[in-house]
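Some notes on the structure that comes next.
Quick caveat: nothing in here was measured; it's all calculated off a predicted structure. Index from 1, following the sequence. Worth knowing before you read on, the calculation uses all heavy atoms, side chains too, and leaves out hydrogens, waters and symmetry mates.
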Amino acid sequence: MDHSPLIRAAIEARGNAHAPYSGFPVGAALLCGDGSVFLGCNVENLSFGLTMCAERVAIGAAVAAGKRDFQCLAIAAESDEVPSPCGACRQVLAEFNPELTVFSANLSGKVERFSLEILLPRASTGILNRP
């Protein structure tokens with residue numbers, strides 16, 4: 001799979017971020033099974049716990065459009081290393097596809113590919129998954 005268009009879309013979405021507190025704008029592009037792509041960017045809030053990560057904004061847009069078949073996610077930010085989804089985003093992504101492929105890119109062109117299974121092992125194990 002050529003991940004370049006998805007990464008470019010994440011970089012473009014990053015430009016819409018509202019990140020006045022961290023100064024760390026992030027963009028996300030979520031590819032669905034039918035080929036549709038949903039964008040997200042982080043939306044910060046003075047009450048930092050209310051901040052929405054780019055990944056979850058993209059997921060919300062996809063779900064609002066009736067999509068659930070998530071195949072791949074690209075995220076992009078300006079950093080020395082590639083960014084990584086936070087734990088909350090990992091868990092929300094696993095709700096839909098625990099085997100999701102994640103491409104993380106920085107603006108210098110470094111890209112790394114991750115499996116959500118590696119980023120969040122045993123995602124479905126918990127209080128709702130008991131005998």
**OP:** Carefully, step by step, assess Leu100 and Leu73 under the rule side-chain contact (heavy atoms from CB on, under 4.5 Å).
**Re:** CA-CA 7 Å; Leu100 186 81; Leu73 173 78; 4.0 Å; yes
Original post:
Quick one: side chain to side chain donor-acceptor pair (under 3.5 Å) pairs with a partner in residues 23-35, sequence neighbours left out?
Top reply: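 Found Asp34-Ser36, Asp34-Lys67.
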Subject >> Qualifying side chain to side chain donor-acceptor pair (under 3.5 Å) pairs with a residue from residues 39-65, counting only residues at least two apart or across chains >> reply: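 For residues 39-65, and leaving out neighbouring residues, the side chain to side chain donor-acceptor pair (under 3.5 Å) pairs sorted by first residue read Ser22-Glu44.
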**OP:** With rounding to the nearest 0.5 Å, note down the distance linking CD in Glu117 to CZ in Arg122.
**Re:** 13.0 Å
**OP:** Hey, could you give me the CZ/CG distance between Phe38 and Leu31, rounded to the nearest 0.5 Å?
**Re:** 10.5 Å
Subject >> Non-hydrogen side-chain atoms of Val26 and Pro83 separated by less than 4.5 Å >> reply: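 Not touching, per the 4.5 Å side-chain cut-off.
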Among the clusters formed by ILVMFWY side chains lying less than 4.5 Å apart, do [X] and [Y] turn up in the same one?
| X | Y | value |
| --- | --- | --- |
| Phe70 | Val92 | yes |
| Val82 | Ile7 | no |
| Val63 | Val57 | no |
| Val43 | Ile59 | no |

Subject >> Exam field: side chain Ser104 to backbone Ile75, donor-acceptor pair closer than 3.5 Å >> reply: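 Not at all, since once roles are kept as given, no pair shorter than 3.5 Å links the two residues.
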**OP:** Ignoring hydrogens and angles, tell me if any N or O in the side chain of Asn97 forms a donor-acceptor pair with the backbone of Gln71 under 3.5 Å.
**Re:** no
For [X] and [Y], which heavy atoms make the closest approach, and how far apart are they?
| X | Y | answer |
| --- | --- | --- |
| Ala74 | Ala10 | O-CB, 3.6 Å |
| Ala13 | Ala28 | CB-O, 4.0 Å |
| Ala77 | Phe24 | CB-CZ, 3.6 Å |
| Ala29 | Leu39 | CB-CD2, 3.8 Å |
| Leu119 | Pro85 | CD1-CD, 4.2 Å |

Subject >> Geometric class of the Phe48/Tyr21 ring pair [parallel <30°, tilted 30-60°, perpendicular >60°] >> reply: perpendicular
Subject >> Results of side-chain contact (heavy atoms from CB on, under 4.5 Å) for Glu78 - residues two or more places apart only >> reply: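 side-chain contact (heavy atoms from CB on, under 4.5 Å) list for Glu78, sorted by chain: Arg14, Leu107.
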**OP:** With sequence neighbours left out, write down each residue that passes salt bridge (Lys or Arg N to Asp or Glu O under 4.0 Å) with Glu81, or none if nothing qualifies.
**Re:** Lys110
Subject >> Neighbour count above 12 (heavy atom, 6.0 Å) for Glu12 CD >> reply: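 No.
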Original post:
Is the count of non-hydrogen atoms from other residues, nucleotides or ligands lying under 6.0 Å from Ile118 atom CD1 greater than 12?
Top reply: no
Original post:
Can you name the ring-ring contact (aromatic ring centres under 6.0 Å, His included) partners of Phe114, sequence neighbours left out?
Top reply: none
Subject >> Results of side chain to side chain donor-acceptor pair (under 3.5 Å) for Ser84 - residues two or more places apart only >> reply: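 For Ser84 the side chain to side chain donor-acceptor pair (under 3.5 Å) partners, ignoring immediate neighbours, are Arg90.
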